[in-house]
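Structure first, then comments.
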Amino acid sequence: MEQDKRAAVLMKRYKTLQQHRNNWESHWQEIADYIVPRKADITKQRHAGDKRFELIFDGTAIHAAELMAASLHGMLTNASTPWFSLRYPDRELEGDDMAREWLEGATDVMYTELHRSNFHEAIHELYSDLVTFGTAVMFIDTDKEQNLRFSTRHIAECYVSEDEFGRVDTVYREFKMSAKAALDQFGEENISKRIAKKVQQDPYEHITLLHVVMPRTERDSLKLDAKNKPFSSCYLDPEEKIILSESGFDEFPYVVPRYLKASFEHGYGRSPAMTALADTKMLNKMSETVIRAAQLQIHPPLLVPDDGFHMPVRTVPGGLNFYRSGTRDRIEPLNIGSNNPLGNDQMEQRRQAIRSAFYVDQLILGNSPNMTATEVIQRTEEKMRLLSPAMGRLQSELLQPLIERMFALLTRKKAFEPAPDFMAASDIDIEYVSPMAKAQRSGDVQSAMQMFQFLQPLTQIDPSVVDYIDTDGLAQHIVKVTNVPATVVRGQTEVAQLRAQRQQQQQQMMEMQQAAQAAQAAGEAAPALRAVDDVSEETQAGLAQLLGQ
């Protein structure tokens, strides 16, 4: 069968991806054992409910990783504040109030759908994988009711591959599901003989399946069916090498961010947990040693004479030990000469190194009673900028494909209002307005405000220096950087109309003032004109008399 040949090809590629991931698996397992025990089942086979903290003697790394994951969630995708907005690269559309309000309405719809979905639970797990394993995988799709659904996959399940630009475009996911669930999902006519046999014997027994999502190289772009979409989606039975179902996606449904990535390594990234792993293992070993030393001090070994005492020695509270009368032998503790303060100092150094690897000092602002509100804001922004090298990668590999995928799904769902006709061929860009992004851009606003402080003394010498300030450009820049909502800010077209009306009103007022001044001047000139008329009449009478003589 043709499908069997394709399944064999896919399985061959799967074996290659398994070989590429071998070196990472032991590293991930060690990180999971010491830093994220709840996910410590990468190379070890564990059962649900197993104890997973048997290697942990100090929880500093566990708490630091959880703090960093929670901080990334709060700074990049906070549930209570906007963290992205849509804008036009075209300046004309960006200045149009109607176009901007449509974009803001579309953004509100996206936020509503996000809050309605399980996004915030899934994204927190993604950040946890990101800071520990260095690579995280999230699947984005819709359910039967066309609502958005997000699923963060365990790194142990996923095998990834990159395209020529270093972007992940292929994900093989090995997972387990019950035989009955496989029958319900794929149908009796599509399941393999192995699965059909499992259904008959024990329908709730778990079987291993393989889901492959990759670019489709051969397709008819004119057809809109699932088997001709840009990305193929195949479910396989890996044991019998049979394709159970095949469909497709219009966009790559996975987002696979890497925290940091070496230029010579392919597929997977590195994390702060990898940096802190050596200190974490050392701290746990030191903690174990210090705990034993403390036990020896609290419950030390005893020096007991070889005779004169009736055994056994009782060390419990209120215990009675008998010795022969007339002897001076006593039970004494053995001084082991341990130095607990030295061990505690060494452990505190390791704890501080772990906190530094997870940016705990940068994420937690120390309390100081003498700090002003402005100083708190500035120090917070400076601390956020320290994470900016990793943020660029997260924006390109996590936030941008996530928002684009979500926008495409909601567009096909027709969740947005019909766009105006003049926006039909316009492009839309993404602008990040999370606390992290605002902190990185706040320096521009501060520079503009400092410019006024520097120019103010100069205006007393030469007032013409204010000609260097473009107030319109400054206002537009501040609105853009601070991400003020379009509903409370007028667009450029509306501002131009408002200024034209204001200018027309001012011109009308000037004309009215001029008319009033002319009328007033005419009223003041009337008595003088009447006096002139009276004088002229007397003059004419005098001339008539002279002429009559």
Side-chain angles (χ1 to χ4, degrees), residues 1-17 110 113 137-151 153 157-175 177 182-192 195 209-238 240-256 267 397 400-416 418-419 424-428:
M1 294 176 63
E2 181 181 357
Q3 282 193 342
D4 295 339
K5 293 181 180 179
R6 290 184 55 207
V9 172
L10 293 176
M11 289 302 302
K12 183 178 179 180
R13 296 176 182 175
Y14 176 52
K15 297 298 182 183
T16 302
L17 292 180
M110 296 176 71
E113 294 291 337
V137 182
M138 176 187 280
F139 182 73
I140 307 170
D141 204 3
T142 56
D143 57 15
K144 295 180 180 179
E145 289 76 23
Q146 297 299 311
N147 295 321
L148 295 177
R149 283 294 175 264
F150 302 85
S151 177
R153 310 299 193 187
E157 297 180 352
C158 301
Y159 302 80
V160 303
S161 179
E162 299 175 343
D163 60 11
E164 67 272 20
F165 303 107
R167 297 172 299 189
V168 174
D169 65 346
T170 300
V171 173
Y172 278 65
R173 176 179 171 245
E174 184 184 69
F175 66 101
M177 66 187 310
L183 175 64
D184 295 338
Q185 179 173 347
F186 304 112
E188 185 176 359
E189 66 280 3
N190 296 320
I191 60 175
S192 61
I195 299 176
L209 299 179
L210 190 66
H211 182 209
V212 182
V213 178
M214 59 189 300
R216 182 175 271 125
T217 54
E218 297 180 0
R219 68 185 186 94
D220 187 352
S221 60
L222 298 179
K223 295 183 179 180
L224 301 178
D225 59 336
K227 293 187 178 181
N228 285 283
K229 291 188 175 182
F231 289 90
S232 66
S233 172
C234 296
Y235 285 90
L236 291 83
D237 183 345
E240 296 196 8
K241 298 182 180 180
I242 294 177
I243 295 180
L244 304 178
S245 70
E246 181 180 4
S247 59
F249 297 100
D250 293 288
E251 307 87 24
F252 190 53
Y254 285 98
V255 290
V256 187
E397 294 187 350
Q400 180 178 347
L402 186 149
I403 295 171
E404 290 177 349
R405 169 68 171 165
M406 182 171 56
F407 186 86
L409 290 174
L410 294 178
T411 300
R412 287 192 288 272
K413 182 184 174 181
K414 297 182 179 179
F416 303 129
S426 60
D427 295 329
I428 298 176

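Position 1 is the first residue of the sequence; numbering continues from there.
To the nearest 0.5 angstrom, K15 atom NZ is 12.0 Å from Y172 atom OH. Atom CD of E251 is separated from atom CG of D141 by 10.0 Å, given to the nearest 0.5 angstrom. A distance of 11.0 Å separates CG in L10 from NZ in K241, rounded to the nearest 0.5 Å. Put simply, OG1 on T142 and CG on L409 are 6.0 Å apart, with the number rounded to the nearest 0.5 Å.
Listed for the E162 side chain is a donor-acceptor partner under 3.5 Å among the backbone atoms of G267. Side chain of R405 to main chain of F252: no donor-acceptor pair is present (N/O by atom type, distance under 3.5 Å, no hydrogens or angles). In this structure, the side chain of D184 does not engage the main chain of G187 through any donor-acceptor pair within 3.5 Å.
Residues passing the ring-ring contact (aromatic ring centres under 6.0 Å, His included) test with Y235, sequence neighbours excluded: F186, H211.
Taking 4.5 Å as the limit, every side-chain heavy atom of V171 sits out of range of all side-chain heavy atoms of F139. Proximity of D237 to L244: side-chain heavy atoms (C-beta onward) are separated by under 4.5 Å at one or more points. The shortest distance between side-chain heavy atoms of M406 and I140 does not fall below 4.5 Å.
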**Audit row: V168, V137, side-chain contact (heavy atoms from CB on, under 4.5 Å) steps and yes/no** = CA-CA 10 Å; V168 174; V137 182; over 6 Å; no
